[in-house]
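This report concerns only the one structure given below.
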Amino acid sequence: MKNVDLLLTNANILTLDGANRVAKSVAVTKGRISGIWSQPEPPSNAVNMSAQTKVLNLRGATVIPGFIETHNHILACAYLKGNVDCSSPLNTTIQDILNAIEEKAATMTAGEWIQGHSYDDTSLADKRHPTREDLDQAAPNHPVYITHISGHIAVANSKAIELAGIDDDQYTDNPHFGKDLAGRLNGVLYEAPAMNAFQTVLPVMDKSTFLERLGEAARDYVAQGITMTTDAGVWDQESLTIILEAAKTGIMPMRSQLMIMHSLLTEQGLFANYSASEVEQEIDKRSNGRARLDSAKLFQDGSIQGLTGALRDPYYCNKEENGQLFYEQAALNEIISSLHQRGFRVAIHGNGDRAIGSILEGFEYALQAMPRLDHRHRIEHVQTAALEDLDKMAELKVAGSFFINHVYYWGQRHEQIFLGPERAKRISPLKDAVDRNLLFTLHSDCPVTPISPLFLIWAAVNRQTREGDILGPDQKIDVMTALRAMTIDGAILNFQEQNCGSIEVGKYADFAVLDKDLTTVNPLDIKDIEVLYTIIDGVVEYENKNVKV
């Protein structure tokens with residue numbers, strides 16, 4: 001064996017290989033796993049040690065493959081740092097949010113933009129969205145723009161609306177712009193058709209600040225044991241340049257997968273007429289091999305919490321509303337088919353069951369026109385998939401990335417407000433997915449919910465709501481299945497199973513070291529397990545200074 005750069009000894013190593021073997025020591029050479037042994041230390045003649053070899057005696061700590069987070073928005077996480085935190089339970093009323101905005105305004109020059117994030121109307125005692133008048137009250141001398149926790153709704157004040165060039169007469173009949181009882185715009189903006197009107201006037205973060213904040217966000221991710229991550233929506237050339245530079249320079253040490261928004265792949269887009277391999281080559285070159293193309297990304301509906309997810313049956317709280325599809329079926333079919341023929345894997349946001357059914361119809365249309373055996377097309381979130389949808393996913397070999405945190409953060413409100421008891425108990429139907437042998441992963445959709453793979457596993461195994469109830473116990477999955485969804489199945493979804501996702505000789509030396517074995521602790525305690533080390537390419541990128549092994 002060549003000289004060993006890193007040696008982990010006296011460990012409890014869950015390899016997650018085909019046999020789920022447990023090992024005790026592992027060696028790393030030039031960023032790859034070069035040896036695995038069942039003994040606490042490798043045989044003396046099995047490794048070549050040098051003065052540069054780093055040895056970590058883990059004293060029984062558990063080593064797993066590094067976590068793979070297949071759907072989040074690290075660019076958004078970076079962008080939001082420094083903005084007003086409008087989330088709940090930090091804020092329990094609209095007035096709490098207004099107080100925070102007013103405090104921010106006191107530190108700024110009149111006319112400067114104030115931005116906030118993560119308000120949730122259903123978590124506020126007021127049970128409504130803030131309005132332009134509310135925001136005017138808090139910061140009359142500033143344009144203000146705050147976003148909903150779902151990312152699918154925002155609220156702007158009067159100065160922001162004015163700067164965006166929007167007037168009441170122009171948008172009276174546009175359903176994406178909220179109105180008050182008098183028919184005047186109330187500042188609430190639903191989905192991209194309304195929110196995009198502000199993108200040209202919102203301040204642009206300078207490159208150095210953005211990179212600094214992206215580095216902070218990356219450290220947050222690495223501290224959770226994440227070694228590979230997928231940004232689920234690179235929207236423009238500027239954000240692409242930022243994330244590729246962060247990957248190339250090591251500001252983001254994780255391996256990165258990028259979903260490129262469909263708008264960049266149209267005839268007017270940055271990658272007009274590019275094939276998937278051509279986009280992949282550009283990403284690889286500009287990131288020095290640290291980032292890869294994940295997919296072409298588009299949306300077919302919005303958010304269940306915002307009542308914009310497209311359901312087959314009406315919302316429980318509003319029998320007149322069942323959401324909207326973003327594309328007519330014929331248009332969606334052609335978009336998917338074109339991307340499929342250009343070689344792209346296609347990832348489509350689908351929360352409501354009507355949207356999920358529409359997406360599957362589009363995938364079937366594309367696959368019938370041009371069969372491709374190993375496409376790994378995917379549906380994002382898959383919140384309310386019916387059994388017929390999961391059957392069709394299995395038939396077409398379409399993968400899913402499930403937003404399991406809905407069970408904890410919004411489970412009770414799905415039950416009481418959005419979906420009603422019967423549909424709510426089947427959100428994120430993981431057990432049904434397992435029964436159909438679907439390829440699936442779990443994700444946080446950060447910053448919609450905090451980044452934490454261990455919490456995702458906890459949520460999938462326990463299905464406990466924030467109020468302490470169990471929502472849909474029949475959809476629980478076992479710990480090993482959930483762990484695989486965050487490791488080897490994530491690697492498979494990313495077309496990277498030959499390089500990572502399990503601890504096997506020849507694969508990347510990407511590990512998360514935990515203070516407890518999540519397969520043996522009380523399942524309710526999984527979310528409280530500490531990450532001790534995160535190792536990428538055999539290099540310790542994170543060490544928990546607060547917990548010693």
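Just so you know, residue 1 is the first one in the sequence shown, and it goes up from there. Remember, it's a predicted structure, so these values are computed and weren't measured experimentally. Scope of the values below: all heavy atoms of this structure, side chains included, with no hydrogens, waters or symmetry mates.
Checking L75, I243, T241 one by one against F210, the side chain to side chain contact (heavy atoms under 4.5 Å, CB included) holds for a single residue, L75. Between I74 and the options T230, L214, D220, a side chain to side chain contact (heavy atoms under 4.5 Å, CB included) holds for only L214.
Considering CG of L438 and CG of L430, their distance stands at 10.5 Å, rounded to 0.5 Å. Here R213 contributes atom CZ and I242 contributes atom CD1; the two are 12.0 Å apart, rounded to the nearest 0.5 Å. Once rounded to the nearest 0.5 Å, the distance linking CD1 of I451 with OG of S444 reads 3.5 Å. Distance check, rounded to the nearest 0.5 Å: NZ of K285 to CG of L244 gives 12.5 Å. Once rounded to the nearest 0.5 Å, the distance linking OG1 of T227 with CD of E541 reads 10.5 Å. Remark: T229 OG1 to D231 CG distance equals 7.0 Å, nearest 0.5 Å.
Two residues are said to be in side-chain contact when any heavy atoms from C-beta on lie closer than 4.5 Å; L298 and M261 fail this criterion. Side-chain contact between S502 and T487 is absent, with no heavy atoms from C-beta onward closer than 4.5 Å. The shortest distance between side-chain heavy atoms of H262 and K297 does not fall below 4.5 Å. Looking at I226 and E69, their side chains come closer than 4.5 Å, going by heavy atoms from C-beta outward. You'll find the side chain of F326 reaches within 4.5 Å of the side chain of E191, heavy atoms only. Here the side chains of Q257 and T70 are not in contact, with every heavy-atom distance at 4.5 Å or above. In this structure the side chain of E216 reaches within 4.5 angstrom of the side chain of K81, judged on heavy atoms. Residues L307 and C317 meet the side-chain proximity criterion, which asks for heavy atoms closer than 4.5 Å.
Inspection of the T122 and Q305 side chains reveals no N or O donor paired with an N or O acceptor under 3.5 Å. For the residue pair Y221/N72, the side-chain donor-acceptor check at 3.5 Å is satisfied. Under the 3.5 Å distance criterion, with hydrogens and angles disregarded, no donor-acceptor pair is assigned to the side chains of Q281 and D284. Using modelled atom types and a 3.5 Å distance limit, the side chains of Q300 and S358 yield a donor-acceptor pair. In summary, the side chains of D489 and T441 do not present any donor paired with an acceptor at a separation below 3.5 Å, with no hydrogens or angles considered. Using modelled atom types and a 3.5 Å distance limit, the side chains of D301 and Q324 yield no donor-acceptor pair. Using a 3.5 Å distance cut-off with no hydrogens or angles, the side chains of T465 and Q412 do not pair a donor with an acceptor.
Between H71 and H73, the ring planes are perpendicular. Angles over 60° get that label, and only those under 30° would be called parallel.
Looking at R378 and D294, a side-chain N of the basic residue comes within less than 4.0 Å of a carboxylate O on the acidic one, giving a salt bridge. Under 4.0 Å is where a charged nitrogen must lie from a carboxylate oxygen, and between E245 and K248 no such pair does. Of the charged side-chain nitrogens involved, none lies within less than 4.0 Å of a carboxylate oxygen, so that D121 and R413 do not count as a salt-bridged pair. Taking the charged nitrogens against the carboxylate oxygens, D474 and K431 have no contact shorter than 4.0 Å, which rules out a salt bridge.
Scanning all heavy atoms of the two residues, the minimum distance from R426 to R463 falls at C-NH2, 4.4 Å. Annotation for L258 and L240: closest pair CD1-CD1, 3.9 Å, computed over non-hydrogen atoms. Between L311 and L419, the shortest heavy-atom distance links the atoms CD1-CD2, 3.8 Å. Considering every non-hydrogen atom in both I36 and A23, the closest pair reads CG2-CB, 3.5 Å.
Residues in residues 340-370 take part in these ring pair (Phe, Tyr, Trp, His ring centres under 6.0 Å) pairs, two or more places apart or across chains: H152-H349, F299-H349, H340-H377, H349-H381, F363-H377. For the salt bridge (charged side-chain N to carboxylate O under 4.0 Å, His left out) condition, the pairs that include at least one residue of residues 363-376, sequence neighbours left out, are E364-K392, D374-R376, R376-E497.
Aromatic pair F418/Y315: ring centres not closer than 6.0 Å. The six-membered or imidazole ring of F403 lies near that of H443, with a centre-to-centre distance under 6.0 Å.
Other residues, nucleotides and ligands contribute over 12 non-hydrogen atoms within 6.0 Å of the CG atom of N522. Sparse packing is recorded around CD of Q237, with 12 or fewer heavy atoms of other residues, nucleotides or ligands lying under 6.0 Å away.
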All N/O donor-acceptor pairs, side-chain side in residues 476-486, below 3.5 Å, sequence neighbours left out:
| residue | atom | partner | partner atom | Å |
| --- | --- | --- | --- | --- |
| D478 | OD1 | M480 | N | 3.1 |
| D478 | OD1 | T481 | N | 2.8 |
| D478 | OD1 | T481 | OG1 | 3.1 |
| D478 | OD2 | T481 | OG1 | 2.8 |
| R484 | NH1 | N20 | OD1 | 3.2 |

Apply salt bridge (charged side-chain N to carboxylate O under 4.0 Å, His left out) to E395 and R436, showing your working. CA-CA 9 Å; E395 176 189 334; R436 286 155 179 78; over 6 Å; no
For the pair W410 and H414, evaluate ring-ring contact (aromatic ring centres under 6.0 Å, His included) and give the outcome as yes or no after the intermediate values. CA-CA 6 Å; W410 292 280; H414 281 312; 7.3 Å; no
Given V531 and L454, is the side chain to side chain contact (heavy atoms under 4.5 Å, CB included) satisfied, shown in steps? CA-CA 9 Å; V531 176; L454 285 164; 4.1 Å; yes
Would you sort out whether K507 and E504 count as a salt bridge (charged side-chain N to carboxylate O under 4.0 Å, His left out), showing the intermediate values? CA-CA 6 Å; K507 288 193 173 186; E504 300 181 74; 3.4 Å; yes
Run the numbers on H375 and K397 for side chain to side chain contact (heavy atoms under 4.5 Å, CB included), then give the verdict. CA-CA 8 Å; H375 54 81; K397 299 191 184 306; 4.3 Å; yes
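Counting only distance, with no hydrogens or angles, the side chain of W458 and the backbone of L524 share a donor-acceptor pair below 3.5 Å. Of the possible donor and acceptor atoms, none in the side chain of N462 sits under 3.5 Å from a partner among the backbone N and O of Q464. The closest donor-acceptor contact from the side chain of S338 to the backbone of I335 lies at 3.5 Å or more, if one exists at all. In this structure, T384 contributes its side chain and D353 its backbone to a donor-acceptor pair below 3.5 Å. Looking only at distances, a side-chain donor or acceptor of S239 sits under 3.5 Å from a matching main-chain atom of D236. Between the side chain of N351 and the backbone N or O of G309, no donor-acceptor pair lies under 3.5 Å. Side chain of D510 to main chain of G66: no donor-acceptor pair is present (N/O by atom type, distance under 3.5 Å, no hydrogens or angles). In terms of modelled atom types and a separation under 3.5 Å, the side chain of R290 and the main chain of A247 share no donor-acceptor contact. Remark: side-chain polar atoms of N405 are not paired, donor with acceptor, to backbone N or O of A459 under 3.5 angstrom. Side chain of D525 to main chain of D528: no donor-acceptor pair is present (N/O by atom type, distance under 3.5 Å, no hydrogens or angles).
Seen from the ring of Y316, R423 does not count as a face-on cation partner, given the 6.0 Å and 45° thresholds.
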